Amino acid sequence: MVPVPTPVGIFIWITGKNDDMASVENIWIYPVKGFSPMQVDSVSINDGGTLEGDREYALLDPDEDAIIEDRHDSVGKTYNGKEISHVHEVTSSFDPETHELTVERDSAAETRTFDLTTDRSAASAWFSEFVGEDVALRHRSPPSFIDRPKLGPSVVSTGTLEELASWFDEMTVEGARRRLRPNVEVTDVPAFWEDKFLGDDPSGFEIGGAWFEGAEACARCVVPSRDPDTGEPIEEFQRRFAERREATLPEWADRDAFEHFFTIMLITDVPERDYGSTIAVGDEISTPGE
């Protein structure tokens, strides 16, 4: 199925019936790195081992080439919410069929639409004015501009999002989704279910015939501390988060898999044999031995 954009901030919940029926609750891709998500019903695994269309565009220094050799290059060369503290002022939507990007800036009451196949220079100029310095909107084929180009989609459970939201009065479950920016959300499993796939002997799970191996815990940056609508940060977020994360680490988690506890969400690795597979909302998730 071709991904269909939905209004930003609107989510559809599909509730399962029991712990034996873990399934995919939501799938998101982020067409322009750092900006609004696009919720999809189904998506294919591309030939980079990531989700088709995820972070395929990004803002870079105009003098920088678009070659990203490893995760450190990707993190260092692209602009996103870490570098742009007022990113919440822009709402974007993307049409994967036409590659038209529509951006709306709240403070300026301005809406613009750019055809990224023919008018990317105009989009770059618009983003440069918004960012406050020269940037270029670049396109890159898979694995695109994800932070870990040798790895795959990010996965988190609904239970984890609910647990995280309970730690902070300023956070809702929907807000936690928007702060963490996952690719895949899994329902009907306990909080931190994804932690069980980490460690010296990592395992994985199957969705829609594709295998997702646990690769690493997702270390966080400043972005989750900020309200996705206002940009207002939660006071002492990193310290409070890490304390609660360590205190609630489940018994099935391998502590040695965590360099620190300012981590949440699982980064996966999809084997090459499963490139081209499709995953969809509602797909059941199978785990060997369970």
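Predicted, not measured: the structure shown is a model, and the values here were computed from it. Scope of the values below: all heavy atoms of this structure, side chains included, with no hydrogens, waters or symmetry mates.
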Should [X] and [Y] count as side-chain neighbours, where that means a heavy-atom distance under 4.5 Å?
X	Y	value
Met38	Ser93	no
Leu59	Phe35	yes
Thr98	Asp115	no
Thr263	Cys218	no
Ile27	Ile279	yes

- Task: Could you tell me if the ring centre of Phe237 sits under 6.0 Å from that of Phe168?
- Result: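 Close enough - the centres of the two rings lie under 6.0 Å apart.
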Are [Y] and [X] co-members of a hydrophobic cluster defined by side-chain heavy atoms under 4.5 Å apart?
X	Y	value
Phe94	Phe130	yes
Val155	Leu180	no
Met265	Met171	yes
Val156	Trp193	no
Leu116	Tyr79	yes

- Message: With a 4.0 Å cut-off on N to O distance, would you call Glu235 and Arg240 a salt bridge?
- Response: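 Looking at Glu235 and Arg240, the cut-off is not met.
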Nearest-0.5 Å distance, [atom1] of residue [X] to [atom2] of residue [Y]:
X	Y	atom1	atom2	value
Ser36	Trp28	OG	CH2	13.5 Å
Asp54	Ile45	CG	CD1	10.0 Å
Ile29	Leu51	CD1	CG	7.5 Å
Ile285	Met21	CD1	CE	11.0 Å

- Passing option when Lys82 is tested against Asn80, Ile84, Thr78 for side-chain contact (heavy atoms from CB on, under 4.5 Å):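 It is Asn80, the one option of Asn80, Ile84, Thr78 that forms the side-chain contact (heavy atoms from CB on, under 4.5 Å) with Lys82.
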- Query: Cut-off 3.5 Å, side chains only: do Thr278 and Ser44 have a donor facing an acceptor?
  - Reply: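 Note: Thr278 and Ser44 side chains miss the donor-acceptor criterion.
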- Answer yes if the side chains of Thr158 and Glu185 hold a donor-acceptor pair under 3.5 Å, and no otherwise.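 The criterion, which ignores hydrogens and geometry beyond distance, is satisfied for Glu185 and Thr158.
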- Query: Given the rule in the side-chain contact (heavy atoms from CB on, under 4.5 Å) test, do Ile267 and Glu194 qualify, once you have shown the distances and angles that lead to the verdict?
  - Reply: CA-CA 9 Å; Ile267 305 301; Glu194 57 273 13; over 6 Å; no
- Passing option when Asp147 is tested against Arg181, Arg55, Lys33, Arg220 for salt bridge (Lys or Arg N to Asp or Glu O under 4.0 Å):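 Going through Arg181, Arg55, Lys33, Arg220 one by one, the salt bridge (Lys or Arg N to Asp or Glu O under 4.0 Å) with Asp147 is satisfied by Lys33 alone.
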- Message: Would you say that more than 12 heavy atoms from the other residues, nucleotides or ligands in this model lie under 6.0 Å from the CD of Gln238, or not?
- Response: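 Not more than 12 within 6.0 Å, no.
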